[in-house]
Every structure is written in structure tokens, then in C-alpha cells.
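Submitted below is the structure of interest, expressed as C-alpha cells.
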Amino acid sequence: MTTKRVVIVGASRGIGKALVENFASREEFEVVALSRNLGKMKTDFGILPSVKCFEFDLENDVRVQAEKLFSSIGKIDYLINNAGFLVNKPFEEITSQELQKSYQINLFGVFETVQAIIPFLNPENSHIVNISSMGGFQGSMKFSGLSAYSTSKAALCSFTELFSEEYKASTIAMNCLCLGSVQTEMLSEAFPGYQAPLNPKQVSEYISDFTINAHKFMKGKIIPLSLTNP
Ligand SMILES: NC(=O)c1ccc[n+]([C@@H]2O[C@H](COP(=O)([O-])OP(=O)(O)OC[C@H]3O[C@@H](n4cnc5c(N)ncnc54)[C@H](OP(=O)(O)O)[C@@H]3O)[C@@H](O)[C@H]2O)c1
């Protein structure tokens, strides 16, 4: 059986952690788990033989860090850009540092990770999945306090379309999933007491199947994954 390699950015908790566990349970996968918290990943994933953990910071010299890392791990089949940063504050109170950080982690870091990974993708077929939010999906319900977060996630959707146009003749596919609420630390910190209809394990099952299969049917698509209406 051929081994497939999946890189998951933002793997230390929440949906990313569930994604690592999901792929690790599939016999044919090697998982590369990335986040700032190497110690936690080693503790949580240390017993999973197919998982390799590396420290990776989307706020720090991303392209250089990523090139060094990707050149050391072999051909990559799948990349999931799952890391995210959410600030929930009234518009006028959002600081320039919070705005910068939102865009750095949710857009610029993804942009540079993708620039760095291209030479190391499987030349026969590869799929990059960006994890955006329903808040960044045009026409969806919007929430007060999320102007920095949701605009940066909308930009990630737009990046998916623009990248896909530029790479339409290539074997590299990119798609974007806009998630509705999922019960994670990010959600509890931003909206204490709110109960989401889905947990990370449920969502990770969908995302992993989508990562493995969707590029056979679509490229450059922005897909809402939500139980709310609209
Ligand atoms: N939960 C929801 O309701 C929801 C809804 C819509 C969209 N989403 C999106 O889904 C994704 C996962 O969300 P989640 O709820 O699981 O979030 P989470 O619990 O906050 O986890 C975020 C992950 O991103 C990593 N991360 C944060 N800053 C980073 C940085 N500078 N460099 C590298 N990694 C970094 C964190 O790891 P370290 O701290 O170890 O670096 C962590 O593993 C995010 O993109 C989020 O925007 C979530």
C-alpha cells in the first residue's frame, strides 16, 4: 500500500488535533502535525507511530521556516491549513496588533506556507484544504465583534479562488471549507457558554474525507459546512 503524507497546520488542539487522530487511524497515512506547542503535541500524539510533530509558528518568518521543514520530510500529498486566530471585540476596540495578528495567522501565514510547499507536493496529485469560517462566507449570518476575524477568513476564501485560477493547469488542487460553530477551545474562549451543534471529532471526519476525495470533483471551491440557515 502506498503511504500518503498529510501536513496539518494548527494540530495541537480542537479540530486540528481531531484531524491528526483521524488520519493516524488510517493505515495508509503519515501525519505531519504542526503548531507552536511542540510539547503538547508530543504528549498527545507520542503513542501514534505514524505522526511526526514539529514546531511551526505562523507569526514568525513563515516561508523560511516552512521551506526548511518541508524539504526535510519528503513528498507531500495533502496540506490542511487549519490554524486560526479569533478576536471577539467591538469594531472600535480592535487594536492594530489584533488586526495584524488576525491577518497574519488566518491569511498571510497560509499564503506563505503554500508558497513554500509547492516544490514538495506530489507532482502526480495533491490537495490543499483551507479552513475558513461561515463568517467569511458571502451572504451568511454575521456576528458582532468578528470584523477582524471574519474579514481575514473571507480573504482566505478569495485566496482559494485566485490560487486555483493561477494553478488550474497543474496537478495541485485547492479548496476551502467554511465551518459553522464547532465546540472547541477557540469557540469557548470567544463565546463562553455557547453550545455548538458539532464537536471536533465529527467535523474532522468530514474534513479528512473531503481532503482525501474532494479534489477529484472540484477545484477552487468555497464550501459552507454549517447547520444554520442562512
Ligand atoms: N471552532 C469553531 O467554531 C470554528 C468555526 C469556524 C471556523 N473555525 C476554524 O477552524 C480552525 C480550527 O479551529 P479550532 O476551533 O479548532 O481552534 P483552536 O482550538 O483555537 O485551535 C487552533 C489551532 O491553531 C494553532 N495556532 C494558533 N496560532 C498559531 C500560530 N501562530 N502558528 C501555528 N499554529 C497556530 C493552535 O496551536 P498552537 O497554539 O499550539 O500554536 C491550535 O492548534 C480555525 O482556522 C478556525 O478559525 C472554527
Side-chain angles (χ1 to χ4, degrees), residues 7-22 31-45 51 53-63 65-66 69 79-88 97-98 100-113 116 129-137 140-143 146 148-157 159-160 176-204 206-208 210-211 222-228:
V7 174
I8 300 167
V9 186
S12 64
R13 66 178 203 173
I15 297 162
K17 178 171 183 276
L19 278 169
V20 172
E21 289 161 351
N22 183 295
V31 187
V32 178
L34 309 182
S35 90
R36 291 167 302 181
N37 198 339
L38 184 60
K40 181 170 192 306
M41 291 193 296
K42 283 193 165 163
T43 304
D44 290 346
F45 308 139
V51 180
C53 305
F54 298 94
E55 190 174 334
F56 187 65
D57 186 355
L58 287 166
E59 288 183 88
N60 181 20
D61 231 346
V62 178
R63 196 160 171 177
Q65 246 189 113
L69 177 63
L79 166 67
I80 306 178
N81 288 309
N82 168 75
F85 171 71
L86 186 155
V87 53
N88 177 9
Q97 195 256 343
E98 287 163 338
Q100 289 286 342
K101 184 168 173 171
S102 304
Y103 275 76
Q104 181 59 42
I105 294 173
N106 297 339
L107 178 69
F108 305 151
V110 175
F111 198 106
E112 290 194 272
T113 303
V129 176
N130 296 326
I131 304 300
S132 183
S133 162
M134 280 306 288
F137 188 79
S140 68
M141 200 190 301
K142 298 292 183 273
F143 294 93
L146 299 187
Y149 174 72
S150 294
T151 57
S152 68
K153 289 294 194 181
L156 182 60
C157 294
F159 168 59
T160 306
C176 183
L177 289 172
C178 293
L179 309 189
S181 58
V182 184
Q183 201 58 50
T184 64
E185 290 93 331
M186 173 189 275
L187 189 81
S188 320
E189 284 160 15
F191 300 99
Y194 180 84
Q195 268 303 314
L198 293 169
N199 64 46
K201 185 169 186 295
Q202 292 167 311
V203 173
S204 73
Y206 184 91
I207 298 174
S208 55
F210 182 90
T211 302
I222 299 159
I223 312 290
L225 191 71
S226 161
L227 294 166
T228 57

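Every heavy atom of this structure was used, including side-chain atoms; hydrogens, water molecules and symmetry mates were not. For ligands, and for the atoms within them, numbers begin at 1 and follow the listed sequence. Predicted, not measured: the structure shown is a model, and the values here were computed from it. The residues of the chain are indexed from 1 along the displayed sequence.
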For the pair Gln183 (side chain) and Asn199 (backbone), establish whether a donor and an acceptor sit closer than 3.5 Å, ignoring hydrogens and angles.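 Not at all, since once roles are kept as given, no pair shorter than 3.5 Å links the two residues.
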With a 4.5 Å cut-off on side-chain heavy atoms, are Met41 and Phe54 touching?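 No, side chains not in contact.
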Could you name the option among Ser204, Ser102, Ser150, Gly180 that has the heavy atom nearest to atom 4 (C) of ligand 1?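 Ranked by closest heavy atom to atom 4 (C) of ligand 1, first place is Gly180.
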Should you measure from each heavy atom of Asn37, which atoms of ligand 1 turn up under 4.0 Å away?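 What qualifies from ligand 1 is 40 (O).
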Any idea which atoms of ligand 1 are less than 4.0 Å away from a heavy-atom of Gly84?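 Near Gly84, meaning under 4.0 Å from one of its heavy atoms, ligand 1 has 24 (O), 27 (C), 44 (C), 45 (O).
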Looking at Ser150 and Gly135, what are the two nearest heavy atoms and their distance?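 Distance-wise, the nearest heavy atoms are CB-O, 3.5 Å.
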Closer than 4.0 angstrom: is that true for some heavy atom of Phe85 and an atom of ligand 1?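 No heavy atom of Phe85 comes that close to ligand 1.
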Does Ile105 approach ligand 1 within less than 4.0 angstrom via side chain, backbone, both or neither, non-hydrogen atoms only?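 It is the side chain that touches ligand 1; the backbone stays farther off.
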Taking 4.0 Å as the limit for heavy-atom contacts, which would you say applies to Ala196 with ligand 1: side chain only, backbone only, both, or neither?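 The answer is neither.
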Any donor-acceptor pair under 3.5 Å linking the side chain of Gln65 with the backbone of Asp57?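 Checked: pair present.
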Got more than 12 heavy atoms from elsewhere within 6.0 Å of CD, Gln202?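 For Gln202, atom CD is crowded (more than 12 foreign heavy atoms under 6.0 Å).
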Might you point out which heavy atoms bring Ala148 and Tyr103 nearest each other, and give the distance in Å?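 Shortest heavy-atom contact: O-CE1, 3.9 Å.
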As a test of understanding, state which of Thr113, Asn130, Thr160 forms a side chain to side chain donor-acceptor pair (under 3.5 Å) with Asn81.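 So, applying the side chain to side chain donor-acceptor pair (under 3.5 Å) to Asn81 and each of Thr113, Asn130, Thr160, only Asn130 qualifies.
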Checking contacts here: is it the side chain or the backbone of Lys17 that comes within 4.0 Å of ligand 1, counting heavy atoms only? Could be both or neither.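 None of Lys17 does.
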Closest non-hydrogen protein atom to atom 19 (O) of ligand 1, residue and atom name please, with distance?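 Here the closest protein heavy atom is Arg13 NE, 3.1 Å.
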Quick one: does Lys153's side chain have a donor or acceptor within less than 3.5 Å of a partner on Phe137's backbone?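 Such a contact is absent between Lys153 side chain and Phe137 backbone.
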Those atoms of ligand 1 less than 4.0 Å from some heavy atom in Gly14: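 Matching atoms, with element in brackets: 16 (O), 19 (O).
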Subset of ligand 1 atoms that lie under 4.0 Å from at least one heavy atom of Leu179: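 Counting from 1, the qualifying ligand atoms are 5 (C), 6 (C), 7 (C), 10 (O).
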For residues Gly10 and Ser35, report the shortest heavy-atom separation together with the two atoms involved.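 So the minimum-distance heavy-atom pair works out to CA-CB, 4.5 Å.
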Look at atom 33 (C) of ligand 1 and say which protein heavy atom is nearest, naming residue and atom and giving the distance to 0.1 Å.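 Nearest protein contact, heavy atoms only, for atom 33 (C) of ligand 1 is Phe56 O, 3.3 Å.
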Using heavy atoms and a threshold below 4.0 Å, how should the contact between Ser132 and ligand 1 be classified: side chain, backbone, both, or neither?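 For Ser132, the contact with ligand 1 is made by the backbone alone.
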NZ/NE/NH1/NH2 to OD/OE distance under 4.0 Å, Glu185 and Lys40: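 No, Glu185 and Lys40 are not salt-bridged.
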How about Leu198 and Leu225: do any of their side-chain heavy atoms sit closer than 4.5 Å?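 Leu198 does not reach Leu225 side chain to side chain.
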Identity and distance of the protein heavy atom lying nearest atom 3 (O) of ligand 1: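 Here the nearest protein heavy atom works out to Val182 N, 2.8 Å.
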Ser152 and Asn106 side chains, donor-acceptor separation under 3.5 Å: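 Short answer, yes.
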If you count the atoms of ligand 1 from 1 in the order shown, which ones are under 4.0 Å from a heavy atom of Leu187?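 With Leu187 as reference, the close atoms of ligand 1 come out as 3 (O).
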In the protein, which heavy atom is nearest to atom 17 (O) of ligand 1, and how far is it?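 Looking only at protein heavy atoms, the one closest to atom 17 (O) of ligand 1 is Met186 CB, 3.4 Å.
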Which residue holds the protein heavy atom closest to atom 37 (O) of ligand 1, what is that atom called, and what is the gap in Å?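 I find the closest protein heavy atom is Ser12 OG, 2.9 Å.
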Is a side-chain donor-acceptor pair under 3.5 Å present for Lys142 with Ser140?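 Yes, side-chain donor-acceptor contact under 3.5 Å.
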Gly10 neighbourhood, listing ligand 1 atoms whose heavy-atom distance to it stays under 4.0 Å: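 It comes down to these atoms of ligand 1: 23 (C), 24 (O), 25 (C), 43 (O).
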Within ligand 1, which atoms have a heavy atom of Glu185 less than 4.0 Å away?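 Contacts of ligand 1 toward Glu185, numbered from 1: 19 (O).
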Enumerated ligand 1 atoms positioned under 4.0 Å from heavy atoms of Asp57: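 Those atoms are 30 (C), 31 (N), 32 (N).
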Minimum heavy-atom distance between Ile105 and Leu58, given as atom pair plus value: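 Ile105 and Leu58 have their closest heavy atoms at O-CD1, 3.9 Å.
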Counting only heavy atoms, tell me which of Leu58, Ile131, Leu156 gets closest to atom 9 (C) of ligand 1.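 Selected option, by shortest heavy-atom distance: Ile131.
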Under 4.0 Å, counting heavy atoms only: does Gln104 come that close to any atom of ligand 1?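 No, that is not the case, since the closest heavy atom of the residue is not under 4.0 Å from the ligand.
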If you have a sec, work out which protein heavy atom is nearest atom 34 (N) of ligand 1 and how many Å separate them, to one decimal?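 Result for atom 34 (N) of ligand 1: Ala83 CB, 3.7 Å.
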Of all the non-hydrogen atoms in the protein, which one sits nearest to atom 46 (C) of ligand 1, and at what distance?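 Result: Tyr149 OH, 3.5 Å.
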Atom 41 (O) of ligand 1 - nearest protein heavy atom and its distance: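 Going atom by atom, the protein heavy atom closest to atom 41 (O) of ligand 1 ends up being Arg36 NE, 2.7 Å.
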